[in-house]
Amino acid sequence: MPDPGSANPFGTGPFQELLHALRLRSGDDAAIGRRAVLAVLVAWVPLVVLAQMQGLAIGSGHVSVLEDFAAYTRFLVAVPLLVLAEGQTRTWLQRVLRQFTAARLVPPSEDARFTELLESTRRLLSSRAALLAIVALAFTLTIASGKAWVSQGAALWTIVERDGQRMVSYAGWWRVLVSQPLFMSLLLTWFWRLFLWARCIRRIARMDVRIIASHP
């Protein structure tokens with residue numbers, strides 16, 4: 001009988017190797033909180049510090065970092081929540097997969113296919129190709145949307161005027177190179193995880209699953 005608990009296909013992710021190097025690996029529940037705090041320290045705190053260096057933190061003549069609701073939403077709220085949600089979701093998905101074998105919804109004749117499905121899901125979720133694609137797409141979306149946000153009056157603290165010329169502020173560079181790509185990478189990782197979950201369920205549905213109407 002395959003054991004989803006040992007395979008734990010959703011207990012990993014594209015950034016697994018980096019997290020392991022930082023001793024914050026995805027499968028360690030005790031590290032989830034530290035990862036969330038670290039994400040805020042990287043995505044939000046430097047924005048405020050760098051903005052303050054140019055008088056763009058608060059009280060400036062235009063929208064500042066500490067008065068930008070969108071910046072709060074993305075980098076101080078959404079970023080840590082995307083990290084924290086992984087722990088609960090990983091446990092929930094693992095319980096669902098275990099139920100397929102514990103209740104013998106997947107018959108012994110399908111054990112080999114079920115095990116291969118778990119292993120392939122894990123490989124796809126943690127593949128380097130997925131990592132490169134997510135990071136590349138995160139930077140592409142960040143750069144492509146940057147000018148549009150400023151032209152529409154959003155994130156004005158990313159621009160500073162010097163000698164009559166408009167330049168990217170220190171905080172603006174940090175947003176473009178670190179904060180926004182980090183937010184987008186976390187979001188795209190979730191989209192990838194949800195896609196693989198849908199793929200997993202779809203393939204299980206195509207197996208000779210024993211459906212019992214009276215099963216709880």
Side-chain angles (χ1 to χ4, degrees), residues 10 13-16 18-19 22-26 28-92 130-131 133-162 165-195:
F10 292 96
F15 298 92
Q16 176 72 6
L18 176 61
L19 293 174
L22 297 174
R23 297 182 180 180
L24 297 170
R25 59 191 179 89
S26 181
D28 187 356
D29 291 333
I32 298 271
R34 295 197 300 273
R35 287 173 52 199
V37 172
L38 179 61
V40 171
L41 292 177
V42 171
W44 174 252
V45 175
L47 283 181
V48 178
V49 174
L50 292 173
Q52 180 60 30
M53 291 174 62
Q54 294 182 300
L56 299 173
I58 192 170
S60 57
H62 51 283
V63 178
S64 58
V65 174
L66 296 178
E67 296 172 318
D68 188 345
F69 179 75
Y72 278 107
T73 303
R74 290 190 185 95
F75 310 130
L76 191 59
V77 178
V79 165
L81 286 180
L82 288 171
V83 174
L84 291 172
E86 181 184 326
Q88 291 296 324
T89 305
R90 182 184 67 240
T91 301
W92 180 77
L131 170 62
I134 287 173
V135 172
L137 185 56
F139 275 98
T140 300
L141 293 173
T142 297
I143 295 173
S145 61
K147 292 183 178 180
W149 285 334
V150 175
S151 64
Q152 294 173 6
L156 295 180
W157 47 269
T158 60
I159 302 297
V160 64
E161 292 189 6
R162 180 180 298 175
Q165 295 182 345
R166 290 163 59 89
M167 304 174 61
V168 180
S169 66
Y170 299 153
W173 280 116
W174 189 267
R175 182 187 188 280
V176 171
L177 298 177
V178 180
S179 300
Q180 186 68 14
L182 175 59
F183 167 72
M184 292 303 303
S185 294
L186 290 172
L187 193 61
L188 292 171
T189 297
W190 271 102
F191 287 153
W192 181 232
R193 183 178 285 111
L194 291 173
F195 169 79

Task: For F191, ring pair (Phe, Tyr, Trp, His ring centres under 6.0 Å) partners two or more places apart - done: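 Listed in chain order: nothing, the list is empty.
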Going from [atom1] on [X] to [atom2] on [Y], what distance comes out if it is rounded to the nearest 0.5 angstrom?
X	Y	atom1	atom2	result
R34	L41	CZ	CG	13.0 Å
L50	W157	CG	CH2	10.0 Å
T140	M184	OG1	CE	10.0 Å
R74	L187	CZ	CG	10.5 Å
Q88	I32	CD	CD1	9.0 Å

Restricting to non-hydrogen atoms, name the atom on [X] and the atom on [Y] that form the minimum distance, rounded to 0.1 Å.
X	Y	answer
S185	A138	OG-CB, 3.5 Å
V65	A71	O-CB, 4.4 Å
V176	P181	O-CG, 3.1 Å
S179	A43	OG-O, 2.6 Å

Name all residues meeting the side chain to side chain contact (heavy atoms under 4.5 Å, CB included) criterion together with [X]; count only those two or more places apart in sequence or in a different chain, and write none if there are none.
X	answer
Q54	L56, V160, R162, S169, Y170
W173	V168, L177
I143	none
Y72	W44, L66, L76

Open item on the list: Show, in sequence, the C-alpha distance, side-chain angles and deciding distance for S64 and E67, and conclude whether the side chain to side chain donor-acceptor pair (under 3.5 Å) test is met.
Closed with: CA-CA 5 Å; S64 58; E67 296 172 318; 2.8 Å; yes
TODO: Taking W190 for its side chain and L82 for its backbone only, find out whether a donor-acceptor pair lies under 3.5 Å.
DONE: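 Indeed, once roles are kept as given, a pair shorter than 3.5 Å links the two residues.
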Task: Expected output: side-chain T158 to main-chain G172 donor-acceptor under 3.5 Å - done: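 Not at all, since once roles are kept as given, no pair shorter than 3.5 Å links the two residues.
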- [ ] Run the numbers on R175 and L47 for side-chain contact (heavy atoms from CB on, under 4.5 Å), then give the verdict.
- [x] CA-CA 7 Å; R175 182 187 188 280; L47 283 181; 4.0 Å; yes
Task: Candidate pair V40 and F75, rule side-chain contact (heavy atoms from CB on, under 4.5 Å), full reasoning - done: CA-CA 7 Å; V40 171; F75 310 130; over 6 Å; no
TODO: Tell me yes or no: between the side chains of T89 and E86, is some donor less than 3.5 Å from an acceptor?
DONE: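 Judged by distance alone, the side chains do not pair up.
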